[in-house]
Structure formats: C-alpha cells, structure tokens
Amino acid sequence: MIAKVIVDVPSRATDRPFDYTIPAGLIGWVEIGSRVGVPFGGRVLQGFVIGLADYADVDVSKLKPIAELLDHVPPLSPDLVELAQWISEKYFCALTTALQVMIPAALKGKADSVVTISEEEQDYSWLHAGEGDAPWLAFIRASGGPVRMAALQERFPDDAAAIKQAIKLGILTEQVSIKDRLSVRKVLTVYPPDNEALAQEALANYSARAAKQQEVLRYMLENREPITMSALVETLSTTSGTIRAVADKGLITLREVETQRDPYAGRNFKRTEPLPLTEGQQAVYEEIAEALDAEASRVFLLHGVTGSGKTEVYLQTIERCLQYERQAIVLVPEIALTPQMVERFKGRFGDSVAVLHSRLSNGERYDEWRKIREGRAQVAVGARSAVFAPFQRVGLIIIDEEHESSYKQEESPKYHARDVAVRRARQHGAAVVLGSATPSLESFAAASRILSAASAFSVSDDSAKSSGGAALLPMPHRVGNRPMPKVHLIDMRDELKAGNRSMFSRQLHEALLDRLEKGEQSVLLLNRRGYSTFVMCRSCGYTAQCPHCDISLTFHQKSRVMRCHYCGHAEQAPEKCPTCESEHIRFFGTGTQRVEEELAKLFPGIRVIRMDVDTTTEKGSHEKWLTMFGERKADVLLGTQMVAKGLDFPYVTLVGVIAADTSLHLPDFRAAEKTFQLLTQVAGRAGRHELLGEVIVQTYNPEHYAIVSAQHHDYAAFVQEELKHRRFMSYPPFCRLIVVTLSDEQLTLLITAGDKLASTLRQLAYESGVKGWIDSDGSRFIDILGPVASPIPRMKDRYRFQCMIKYRGNVGAIDLLKQAISMISGPQGQPPVQISVDVDPQVIL
DNA sequence: AGCACGCCGACT
DNA sequence: GTCGGCGTGCTC
C-alpha cells in the first residue's frame, strides 16, 4: 500500500504528492486525511495523506516508509481534502496551505528530535581538546537516556557544530518526531474513598487537632463524587495542603484528569424557545425548509432589512436541519461575533454549539474544534474559517452579513468563505443561506438573474452546467412593523457657510443635547476607512514614511512611537521636523480621540465610550465596553466601523455619522458600495425597540446616490445606479478579477518580469480561442491590464507591480495565468520574481 | 523550505 | 594547494 502525501513545505517545487510506503503496523490506520510525519530530504516533516494507492508513481527503490502517524483519528475527512484541492486550484496556493487552514493551529506540528549515545563504552575524548568527554557528551551520558535536541542546543549553544559532527559520525543517534503545539489541559481532581469502611473508621477517630481534614473526609463521604481540587478548596474554604494531607493518609485519591477548556464555562445561557414567525419570516423559512427536506444544495440570498428578524429565521432553519441529524455552520463577521450573538445560539441550542473565533487561545480553539469532530456539537458558530468545521454531514451553512469583506482572507490561501461555503454545500447536499440587509452586488446579481449564471457566482466558474445563481428571499419589513428610522442628511458646506466650524452640525449638537436630557443613548460613527493617524509637518508638508515600505507611519499616542502597519518598523516620533527643523510638526491623533475631546468640551460631564483599535486590542475589551454601554453606563458610544455591526441596544434613539464621505472617494471600485452598506448598517442601530430612532448623517456630498439611497433605505435604487457604473467600467459583477502582484528588491528585474508576464498572458489569451480575446457580445472576454506600480509601491524593501485580469464567462483565466507563470519561470518552476495571486480580490486599494 | 552538490576567489 | 562563496537541483 502506498500513501500519497503532501509535505508541509509551501513552495511550488514541492506542491505535489510524494509517495510513501505504509509500515505494517500502520496499515488500516493511515487514511485519507491522516496527518503523518515523513522523512523528506534528510529531515522529518509533517504531511497530509491525500490518497492511497496500490502502486507508486516512482521507482519502488526510492520509496521511504511513513515515520509516524500523528493522530489516532484523522483530523481531516476525504471531503475536506477534496475541498482543499479545489481551494488550491481556484485560489492559486500550495495544497499544504489550503490543508493547513482547515485544522486548528494547535495541530501544526513541528519536528522535535532527541539524541542518544550509540555505543556507551567508547572513549570520545578525541572529540575535544580537553581530557575525557566533552561537557555536552558527559551531559548526555549522565542523563542515561535520550536527550531533547532543543535542550542540548540551549545548554551548549557553542557546541552545535561538534554535536552535528557526532551525529554524522554515528556517535550520537538522532530520532526525529513531530510534536504538536497543543497541550492537553489537566485538572487535579479529588476522588472519594475506595474503602468506605476504612474511611468511616478514620472519620470517627480523627484527631481533634485536624478538624479541617475531618471536614474534607466527611464531605467526600457524603457526596461520593469526584470534585476538582480548586472547587473543593473553595466550598470548604480550606487549602490544598489540608486535602493533600488526607490523601497522604490513603483515605482519598488525587488524580490528574484531562479536561476540555470551555470558554463559556460557568456562563448560564437563558434557554429560549422559538418565537412565532411573522408572515414574511414564515415564507422565507418555508422556502429554506423545502431545500432542507430535499437535501438539495441550493443557495438563498436572504435580503432582510435591519431589524427584520433574520436571526430568528436562522435559528429555526437550523432546528429543522438538526432534525435530520445533519449539522449547521453559521458564519458571522469576526467583529459581530459578540457575546450578544453567541448568547442567541447558545440560548437556543445549548451545549451543542461550538464557537470559533480569533480571540480564543490555541488550546481553546482546539477543544471547540474537537467538540465538532467528535460529534459533541451540532452547530458551529464562527468567523470565516468555521466554514471548515469538521462535521460529518453538513445540512445548512448560514452566512450572516454576507457582504462583509472580512469573509475574504487576505493571506494565502486567499479564499472567500462565501464561495467555499457554496462549494462545500454542494459536496454535502446542503443549503446555503446568505443573509444581509445590503447584499453584495455579486450575490444580488446572482440571485436576481441580472446576469447569465456562468458569470455570476464565483463557484459556477468550474461548472457552467450547474444553474449557478441563488434564490432571492426578501424580507422588506421590520418585525412588528416598526418603522425604519428617519435619516436626516446634513450638508456640512452649509454649516461652514453659517459659520459653524465644529465637527458637529447644529442639528447633531441639538439632537445629542436632547438625548442627554432624556437619558437616552446615542451611537456616533466616525467613518474612518482609509484614514489613519499620521505625522505631518505643518510648515513644509513632510510626512513620516516607513523607510522600507512606501507608506505613512502610524502614530501611537500612548508610546509616542510611529509604526509601519506592513512591516512592523517602529521609531520614536520626532520633536521637530527632520527636514525643515520646524517645531510645527503635528501628530494627527486618531479621529475618534479628537471627537471624544470635542464632545467633552461641548457637553460637560458627558459619558463617552470610545471604541477603536486603540481601546479594543486587549482581550475581552470589546465585550467589556459593549456590556457597559448596554448597562447604560455611558451616554454615547463612539467608534469606527465596529459600532455599526449587529449591536442591539433598546435605549439607542440617535445615530450620528460624523463624516459619511470619508470612504466615498477611495480609489476602490467598491467605495460607493461600502459607504452605502456602512450607512445602512449603522442607521439600523437606532430605534429597534419601543423608542423611535433618528439618524443624522453629516456629509459634503448630500446628492451622491450612495448617501441618498441610504437615507431612504432604498437598496434597489442604490443597486440600480451602482450597476450602471459597474457595467460601464467593466467591474464585478459584470466581470471577475484576478490581481497578480509581482515583487522584488530589484526594480529592473521586476519591470522585465512584469512586462514578460503581461505579454505572455495576452498572447495566451489571444491563442486560447476567445476570438479576438475581447468578445464583441460581451458574454466572454478577457482583458489584461498593467503592469503598473501597486497602490503600495514598495513593501519590506521590495518593489511591487501588479497586473489585473478582467474576464467574463468560462475563459479558463486561472489556467491561462498558471501557464503564463510557468512559461516565464525556470525549469524547476522557480519564478524570476515573487508572484502572488489574488482571485476575486475584495480590496483594490 | 532546507540541504547537498558543484564550480570559481582569498587564505593557512 | 584548500576553505568556502551561494547558484542550481532535488526531496517519495
């Protein structure tokens, strides 16, 4: 039996299966999806088995056996291995990279080796200048067994060469194995007496001086249940020493017991029952239920206005799904994965919910993952990567706020969770529900059949035969028919004309004052996308730039340090301008900070919670602020994007947007869409309950369609206008994009390679039979733009150029690109410069 | 990615 | 004469 193994080296040259024999002892254990340690080029690496075969593809004499099997149960299943293969092809990454994102970081094994002395009685004094054994050799001898290589290196850092030599000469034998980074958590547990008669007797005869010990013993005899040491200490208000003393007498037993970490341990989630559905919810529910009943892999776009009760629909469709003994995955944008959100799922489904988010420790995430794989959880709620939750039979995948760009991973593999979800659902015959108040144009186009199916959904690229597309399920009304909040646009140019130079318009000022008097709460959004805190000289215009990347340094108030977001370079902020020596160097602090100061000035005694990167980096701080706000310990919640998502506070009756336009004019074709989405989302935070809500939007572009449509809660109007622009400019959803970034330290090399890639690609496209490569009817075309300097032209001392490929229809763009790259690469496939590919990019800044 | 093999400069 | 620079090639 031969195992096809993908080794954990993410490079083009090794991105293919290598064959290994399976040692007799492991036959039957090694499966597709197994994680193994294999000898590879003189060392032992972690690898994944992606196939089993009777015969090897290479000469049998070259084969080596698998060195070890790393898990009893394979961490991946065949369907996930297949999904990884799809990801590596579609998103242009090494297969091992795709496999790695599917397992928790705790299982990313690293080689760990031990050495032993091969022949004990030899005289090795010749190894070093002195008498007898070298100190490191003596150390190994003294230990009497295998010594960890890492320990040896740490203790004898100067003898690395000698130790290596000894291994080579066969004096030392090295044994390598893969060690996981995971630690199983153990808890010291107290067990009741085995011998009750003896214990009863001891209890009666306990020395009067050991009352506490007696109490411990009595407790254990009465309760007869194992209890953790810490809990026992707490209940009897004693010390572990006392308990140990009882154990030393042999009356009770102490044992280390493996436990699961539960990040939500000790939290009681109030059980909730399904709510009666409104007519609109019911109709949507039935559509989805029908697909669940039929085990049909269908995609639904649930377009529900803010406050229309999407979550309740999710909960009830999940319940339906669970009835078929199939599992459900719920994806939520990281930032919306708040305790409020988790509570709703835990409240309905209790312990069968596993929660996966980035704030968990490696160990916690591993335990939640195991809970899923071992069938103890039926529902997984999590961010992007939860789409890989290792369920056996997925019946339903829900993607909440499907338009969020955080579903696209920006590092390799640069996958989009929405597209992966659709693909995974197809494997399992599962339904996909994409929910949003402001669907992405791509999803909306797919659902409303504006375009031919083949160009609509990313997934339909590889199967023109599948109908692609999605079914549109609208929920246009709020629960209880609550009105949408009234949105006022304030033209800030008029404010300036009227002599108001403050960042608050007179209307917003008044409204804030009003809420303060009534004791109601307000949310203030500072739309700060694309604007960071930087250092600038007011006299000469100098701005502090990173010496390695062409980008402004970000100023951190606390430490007065300027830092580069891309490479981490940091330096002290200067006292005076380094070019003109002027003292007028200004630090433009975070926008939110300035707003906070202004608020304090205008409204003395106002209680403000500020949420931005500075105040929410600490673990749990995000929750802390929101809880405080929920308890009405503040009048105003001020923040960036993060205050716009999924929050639901009954006393919020005013939402103010300080500058709606900041994201409108970014050089990104999605700028208008992002602005519309943000305004709509944040407006939805107001008046969700009994109290009516009001929204005040300050802008310099009160006639822009993105802002006007948001004012009228008119998604359809926005889409109609935006689609016109997209069609005219040939952007998604009217075509698909691939951005290829080339980077190198040498500019000349880079330019040559860039030109070569683009011309090769154009030639290939021309030859590929897309006649004239721009098809006149527009149903199929491919267009190659560039190379041009990237928006960040230099990063980490490397220059960057990019090409953009626009295409539509089944033109095999990814294959053409693959071909072109291999044509400009060397014989081993080594590219002349570093090439990184982003398929369906979300941010084109 | 690492590591070995291999062909040209400054040293005991 | 050798030690060692890192270019090229390979890892089942």
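Chain letters run A, B, ... following the sequence lines, proteins first and then strands; every chain starts at 1.
- A:P39 comes within 4.0 angstrom of sugar-phosphate atoms only, judged by non-hydrogen atoms across all strands, and of no base.
- In 5' to 3' order, the nucleotides of DNA chain C bounding all contacts with chain A (an atom under 4.0 Å from a heavy atom) are C:dG9 to C:dC12.
- The distance from the OG1 atom of A:T752 to the CG atom of A:L742 is 11.0 Å, given to the nearest 0.5 Å.
- The pair A:D815-A:K818 does not count as a salt bridge, with every side-chain nitrogen at least 4.0 angstrom from each carboxylate oxygen.
- A salt bridge is defined here as a Lys NZ or Arg NE, NH1 or NH2 lying under 4.0 Å from an Asp or Glu carboxylate O, and A:E82 with A:R423 meets this definition.
- If you measure from atom CZ of A:F18 to atom P of B:dA1, you get 14 Å, rounded to the nearest angstrom.
- Geometrically, A:K414 does not engage A:F92 in a cation-pi contact defined by less than 6.0 Å to the ring centre and at most 45° from the axis.
- Nucleic acid contact class of A:R16 (heavy atoms, under 4.0 Å, all strands): base.
- A:A56 comes within contact range of no nucleotide atom at all, as no heavy-atom separation falls under 4.0 Å.
- Electrostatic pairing of A:D838 and A:K408 counts as a salt bridge here, judged by a charged N lying under 4.0 Å from a carboxylate O.
- In the interface, the side chain of A:R43 is paired with the base of B:dA1 through a donor and an acceptor atom under 3.5 Å apart.
- A:Y20 comes within 4.0 angstrom of sugar-phosphate atoms only, judged by non-hydrogen atoms across all strands, and of no base.
- Note: CD (A:Q46) to P (B:dG2) measures 14 Å, nearest angstrom.
- Residues A:D57 and A:K4 are paired through a salt bridge, judged by an N-O separation under 4.0 Å between the basic side chain and the carboxylate.
- For A:D15 and B:dA1, the CG to P distance is 12 Å, given to the nearest whole Å.
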